[in-house]
Amino acid sequence: MSGRPPAPSPLPIAVVDNHTHLDIARDDGPAPDLAAAIAQATAVGVDRMVQIGCDLPSARFTARVVDEHPALLGGVSLHPNEAPRLADRGELAAAQAEIERLAAHPRIRVIGETGLDYFRTGSEGVAAQQDSFRWHIDLAKRTGKALQIHDRDAHEDVLRILREEGAPDRTVLHCFSGDITMARECADRGYYLSFAGTVTFKNAKGLRNALSVTPLEQVLVETDAPYLTPSPHRGATNAPYLVPFTVRAMAGVLNVDVPRLCTAISDNSERVYGPW
Ligand SMILES: [Zn+2]
């Protein structure tokens with residue numbers, strides 16, 4: 001199912017969508033109109049976004065649009081599913097050199113998404129993924145940027161490699177998907193946990209339990225648009241203007257009022273990425 005859900009009522013205090021892909025179209029549809037997507041989000045209290053480019057074309061796109069739209073900061077990386085493909089073709093070193101060059105842009109504040117994806121990439125790609133993850137961790141530390149991690153079915157190895165390498169000062173688990181034990185471990189290590197629309201899904205009790213033990217100072221929200229549309233519009237095309245559904249559900253889980261959660265998300269985001 002695709003389609004455009006109606007806008008939710010605005011949040012009382014503006015927040016940040018800390019992980020979105022504004023260049024990705026779904027179902028072969030057209031890519032979203034960037035200015036319209038930003039205006040629509042701003043109208044409901046989502047006035048800042050972190051645009052994530054995770055292959056070379058989208059990283060180039062990201063480095064360009066952060067100059068054109070003050071609402072956007074950016075992240076650049078080679079996705080865990082992209083790095084093994086580039087390695088196979090002998091193109092990895094050149095791609096990494098370009099990511100590093102794009103990362104020097106002052107409005108690129110994130111190295112990511114990087115990490116491990118054992119769901120889409122089979123065992124033949126694990127070594128390349130892990131090497132790439134370590135390279136991104138090092139790049140984040142060398143450039144002083146935040147790190148955003150993609151972790152799909154790879155919790156133990158993600159935590160192990162972060163410990164081995166030493167995590168950057170500001171490390172975000174994007175689209176957090178761990179359980180309550182992992183949430184506590186990440187919080188203890190000082191990482192930020194970013195929750196996507198998945199936390200609103202009916203069958204996501206484990207994820208809500210994880211959120212419930214996350215300190216308010218380490219909570220972030222995101223869309224991962226165009227995917228993971230929050231309930232009650234699960235299955236539709238996601239976009240930053242749908243963040244309020246996720247924020248309101250999170251406030252219920254955390255047992256805080258919505259303005260307090262919005263303030264925390266806004267403050268946390270600016271602590272991680274710097275001012276817009
Ligand atoms: Zn993403």
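Counting starts at 1 for both ligands and their atoms, in listed order.
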Using modelled atom types only, decide if a donor and an acceptor are shared between the side chain of T229 and the backbone of R234 within a distance under 3.5 Å.
-> no
Does R60 use its side chain to pair, donor to acceptor, with the backbone of D55 at less than 3.5 Å?
-> no
Kindly indicate, with the supporting measurements, whether the criterion side chain to side chain donor-acceptor pair (under 3.5 Å) is fulfilled by D224 and H21.
-> CA-CA 6 Å; D224 203 15; H21 302 277; 3.1 Å; yes
Considering non-hydrogen atoms only, spot the tightest contact between A196 and C175 and give its length.
-> CB-SG, 3.9 Å
Salt bridge check: are D131 and R134 linked by an N-O gap of less than 4.0 Å?
-> no
From the Zn ion (ligand 1), how many protein N/O/S atoms are found at a distance short of 2.8 Å?
-> 4
Parallel under 30°, tilted from 30 to 60°, perpendicular over 60°: which one fits the rings of H174 and H150?
-> tilted
